[in-house]
*Asks:* 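There's a structure below that I have some questions on.
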Amino acid sequence: MAVVVEPSSSDLQIHRLPQPKYIDALRWLPLISALDNPIALALHDSHSATSSIEIHALKTPPNPPSLDLQSSWPCPSRVSSLRVSQTPQKPLIAASTFDGSLHFLATHPVNLSIQSDTSIAEKGFHVGPIWGVDLLGSGGECVTGGEDGRVNLVTVGESRLSYRRVFDSEGLVSYTAAKWASPAEFATGGLGFSLQWWDQRKPGGAVSQFKGGWGRGGSSGIVHSIDIHPSRKHTCVGGGSSGTVFAWDLRWPEQPVVLSGIGTGERENTSPSESEVWEVQYDCFVHSSNISNVSSSRILPVMMCSEDGILAVVEEGEEPAELLAEPCAINSFDINVQNPSTVICSLEWESVAIITRQ
């Protein structure tokens with residue numbers, strides 16, 4: 001596939017790598033060498049109605065970069081969420097599907113082959129799409145939140161999986177995002193710009209909840225993505241409908257900070273997007289050198305991607321910094337944990353974009 005190189009500013013370089021299939025999600029795998037950056041892609045072929053997970057090595061030198069296929073695994077259903085563990089010795093991929101199944105792929109740390117796969121596909125696990133998935137640490141535990149209103153915790157063993165039900169709303173609430181905060185705590189998100197905070201030490205339901213009291217025309221928004229910074233476990237950010245990105249601090253649970261989209265006051269915050277925000281991640285590149293000097297009450301910069309083709313960084317009290325403006329949706333992105341200056345994102349028109357910041 002030809003590489004499309006975009007004219008770039010002095011502090012931004014963009015490459016587009018066309019792909020033959022639709023990209024549902026993408027994630028960096030732990031770095032194994034200075035030359036090869038492994039990437040996991042969740043793909044869907046609309047012509048054959050088949051889905052797969054592919055592992056590619058991103059070759060950077062010489063310029064321009066290229067994606068070299070290393071291994072592939074056929075997925076029985078279309079992928080709804082994709083996560084990876086950041087343990088170089090034993091990379092683990094977790095993929096949930098529209099059919100309610102959950103799959104774990106163990107990859108070889110050097111040749112990137114898929115060494116084993118284990119799955120949960122029983123009817124009692126989830127019914128319908130699992131939108132919220134997150135791996136804890138090295139991948140020993142996984143939390144799932146589904147459209148069916150079920151929240152499950154999965155224990156990942158060497159050769160088998162087990163799970164327990166944390167909560168079942170019996171369809172009254174749907175969960176569309178999930179994120180670990182600590183080995184005992186995690187957050188979920190759903191309809192009504194809602195967020196829930198769970199503590200395994202306090203069973204029976206969420207220990208704290210928030211529901212955003214805003215929405216255009218009285219319509220109810222959806223939280224599509226959640227992120228929690230490892231140094232700010234009391235605060236989670238959510239991205240969802242109408243270009244909205246907001247932060248919820250457990251210390252002040254009734255006072256959300258809106259970073260983008262619909263504000264709670266008379267004035268709407270400057271927003272780079274007006275459509276669905278599909279993913280949010282704290283951007284550790286922006287304040288990587290002086291994060292320790294930032295007040296604990298200030299919300300750290302957040303990267304977002306949207307249905308109307310925007311990849312941008314939003315920050316409390318600052319104008320948004322736009323990185324990409326595409327004529328198609330950007331449905332997924334990932335910041336390289338080991339090299340935060342590099343970002344990958346999936347474009348609806350079957351391309352992977354690689355953005356390098358100086």
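For reference, positions follow the sequence shown, starting with 1. All values reported here derive from a predicted model rather than from experimental measurement.
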*Asks:* With rounding to the nearest 0.5 angstrom, report the CD1 to NE2 distance, Ile354 to His15.
*Replies:*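 One gets 7.5 Å once the value is rounded to the nearest 0.5 Å.
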*Asks:* Evaluate the criterion ring pair (Phe, Tyr, Trp, His ring centres under 6.0 Å) for residue pair His229 and Tyr282; output intermediate values, then yes/no.
*Replies:* CA-CA 7 Å; His229 196 281; Tyr282 278 109; 5.3 Å; yes
*Asks:* Any donor-acceptor pair under 3.5 Å linking the side chain of Trp248 with the backbone of Pro253?
*Replies:*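 Side chain of Trp248 to backbone of Pro253: a pair is present.
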*Asks:* With distance as the sole criterion, is a donor-acceptor pair present between the side chains of Thr50 and Ser48 under 3.5 Å?
*Replies:*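 Checked: Thr50/Ser48 side chains pair up, N/O donor to acceptor below 3.5 Å.
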*Asks:* Please find out if less than 6.0 Å separates the ring center of Trp198 from that of Phe167.
*Replies:*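 Yes: the rings meet the under 6.0 Å criterion.
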*Asks:* Do His224 and Thr176 have side-chain atoms, one donor and one acceptor, less than 3.5 Å apart?
*Replies:*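 Short answer, no.
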*Asks:* How close do Gly309 and Ile330 get, heavy atom to heavy atom, and via which atoms?
*Replies:*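 Looking at all heavy atoms of both residues, the closest pair is O-CD1, 3.6 Å.
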*Asks:* Does Gln200 use its side chain to pair, donor to acceptor, with the backbone of Pro183 at less than 3.5 Å?
*Replies:*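 Here the side-chain-to-backbone pair exists.
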*Asks:* Please identify each residue that fulfils salt bridge (charged side-chain N to carboxylate O under 4.0 Å, His left out) with Glu54, with sequence neighbours left out.
*Replies:*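 Per chain and number, Glu54 pairs via salt bridge (charged side-chain N to carboxylate O under 4.0 Å, His left out) with Lys21.
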*Asks:* Quiz question: by atom type and distance under 3.5 Å, do the side chains of Ser101 and Ser119 form a donor-acceptor pair?
*Replies:*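 No donor-acceptor contact under 3.5 Å links the two side chains.
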*Asks:* If you measure from CD on Glu170 to CG on Asp148, what distance do you get to the nearest 0.5 Å?
*Replies:*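 If I round to the nearest 0.5 Å, the distance is 11.0 Å.
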*Asks:* Are Asn331 and Ser346 close enough that a side-chain donor and a side-chain acceptor fall under 3.5 Å?
*Replies:*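 Asn331 vs Ser346: donor-acceptor pair found between side chains.
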*Asks:* If you look only at pairs with a residue in residues 107-127, which of them pass as a ring-ring contact (aromatic ring centres under 6.0 Å, His included), with sequence neighbours excluded?
*Replies:*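 Only Phe125-Tyr163 qualify under ring-ring contact (aromatic ring centres under 6.0 Å, His included).
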*Asks:* So, Glu185 and Lys179, do they make that salt bridge, N to O below 4.0 Å?
*Replies:*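 Result for this pair is no, no salt bridge flagged.
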*Asks:* For Met303 versus Phe333, what's the shortest heavy-atom pair and its separation?
*Replies:*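 Nearest pair, atom of Met303 first, then Phe333: O-CZ, 3.4 Å.
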*Asks:* Which heavy atom of Asp308 sits nearest a heavy atom of Glu274, and at what distance?
*Replies:*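 Reported closest heavy-atom pair: OD2-N, 3.2 Å.
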*Asks:* Is Leu136 reachable from Val166 through a run of hydrophobic residues whose side-chain heavy atoms are each under 4.5 Å from the next?
*Replies:*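 Yes, because Val166 and Leu136 connect within a single hydrophobic cluster, where side-chain heavy atoms sit under 4.5 Å apart.
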*Asks:* Check whether Trp349 and Leu43 end up in the same hydrophobic cluster, where Ile, Leu, Val, Met, Phe, Trp and Tyr are linked by side-chain heavy atoms less than 4.5 Å apart.
*Replies:*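 Trp349 and Leu43: separate clusters.
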*Asks:* Same cluster or not: are Val314 and Leu300 linked, directly or through other Ile, Leu, Val, Met, Phe, Trp or Tyr residues, by side-chain heavy atoms under 4.5 angstrom apart?
*Replies:*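 Shared cluster, yes.
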*Asks:* I'd like to know if Arg232 and Asp227 make a salt bridge, using a cut-off of under 4.0 Å between side-chain N and carboxylate O.
*Replies:*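 Result for this pair is no, no salt bridge flagged.
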*Asks:* Is there side-chain contact between Thr342 and Trp28, with at least one heavy-atom pair below 4.5 Å?
*Replies:*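 Yes, side chains in contact.
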*Asks:* So, do Val302 and Glu315 sit near enough that their side-chain heavy atoms are less than 4.5 Å apart?
*Replies:*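 A side-chain contact under 4.5 Å is absent here.
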*Asks:* Is there a salt bridge (Lys or Arg N to Asp or Glu O under 4.0 Å) between Arg357 and Asp11? Walk through the geometry before answering.
*Replies:* CA-CA 6 Å; Arg357 299 176 285 179; Asp11 58 354; over 6 Å; no
*Asks:* Answer yes or no: is there a donor N or O on one side and an acceptor on the other, between the side chain of Glu316 and the main chain of Ile299, under 3.5 Å?
*Replies:*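 It does hold such a pair.
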*Asks:* Ignoring hydrogens and geometry beyond distance, is a side-chain donor-acceptor pair present between Trp131 and Glu147 at under 3.5 Å?
*Replies:*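 Yes - a donor-acceptor pair under 3.5 Å links their side chains.
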*Asks:* Report yes or no: do Arg27 and Gln86 form a side-chain donor-acceptor pair below 3.5 Å?
*Replies:*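 Side-chain D/A pair, Arg27 to Gln86: absent.
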*Asks:* Side chains of Asn111 and Ser113: donor-acceptor distance under 3.5 Å anywhere?
*Replies:*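 Present: a donor and an acceptor within the cut-off.
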*Asks:* Testing Ser271, Ser306, Ser273 one by one against Ser260 for a side-chain hydrogen bond (donor to acceptor under 3.5 Å, both in side chains), which residue passes?
*Replies:*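 So the option named by the test is Ser271.
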*Asks:* State, without any angle test, whether Gln281 and Asp334 hold a side-chain donor-acceptor pair at a distance under 3.5 Å.
*Replies:*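 Asp334 and Gln281 do have a side-chain donor-acceptor pair below 3.5 Å.
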*Asks:* Kindly say whether Pro91 contributes a backbone atom to a donor-acceptor pair with the side chain of Thr107 at under 3.5 angstrom?
*Replies:*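 Yes.
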*Asks:* Does Arg165 reach the main-chain N or O of Asn152 with its side chain, forming a donor-acceptor pair under 3.5 Å?
*Replies:*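 Side chain of Arg165 to backbone of Asn152: no pair is present.
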*Asks:* Could you check if a side-chain atom of Phe186 sits within less than 4.5 angstrom of a side-chain atom of Ile228, using non-hydrogen atoms only?
*Replies:*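 No; the side chains remain at least 4.5 Å from each other.
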*Asks:* If we ignore hydrogens and angles and just use 3.5 Å, is the side chain of Thr97 paired with the main-chain N or O of Ser77 as donor and acceptor?
*Replies:*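 Answer holds: no.
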*Asks:* Group every Ile, Leu, Val, Met, Phe, Trp and Tyr by side-chain heavy-atom contacts under 4.5 Å, then state whether Leu82 and Leu92 land in the same group.
*Replies:*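 No, no single cluster joins them.
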*Asks:* Do the side-chain N and O atoms of Asn339 and Ser341 include a donor-acceptor pair separated by under 3.5 angstrom?
*Replies:*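 Yes, Ser341 and Asn339 have a side-chain donor paired with an acceptor closer than 3.5 Å.
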*Asks:* Please find the pair of heavy atoms, one from Ile130 and one from Ser96, that lie closest to each other, and give the distance.
*Replies:*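 That would be O-OG, 2.8 Å.
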*Asks:* Examine the side chains of Ser241 and Glu276 and answer whether a donor and an acceptor come within less than 3.5 Å of each other.
*Replies:*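 A donor-acceptor contact under 3.5 Å links the two side chains.
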*Asks:* Decide whether Ile120 and Val143 are clustered together by the hydrophobic rule: side chain heavy atoms of Ile, Leu, Val, Met, Phe, Trp, Tyr closer than 4.5 Å, transitively.
*Replies:*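 Result: no, two separate clusters.
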*Asks:* Quick one, Leu12 and Ile355 - any side-chain contact, counting heavy atoms below 4.5 Å?
*Replies:*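 Yes - at least one pair of side-chain heavy atoms lies under 4.5 Å apart.
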*Asks:* Give me the atom names and distance for the closest heavy-atom approach of Leu102 to Cys142.
*Replies:*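 Heavy atoms only, the tightest pair is CD2-SG, 4.2 Å.
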*Asks:* Please report the closest heavy-atom contact between Ile53 and Ala95, naming both atoms and the distance.
*Replies:*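 Residues Ile53 and Ala95, closest heavy atoms: CD1-CB, 3.4 Å.
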*Asks:* Quick one about His44 and Ser46 (side-chain donor to acceptor, distance below 3.5 Å, no hydrogens or angles considered), yes or no?
*Replies:*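 Per modelled atom types, Ser46 and His44 side chains form no pair under 3.5 Å.
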*Asks:* Kindly determine whether Gln196 and Tyr175 satisfy side-chain contact (heavy atoms from CB on, under 4.5 Å), including the steps that lead there.
*Replies:* CA-CA 10 Å; Gln196 302 82 31; Tyr175 298 103; 3.5 Å; yes
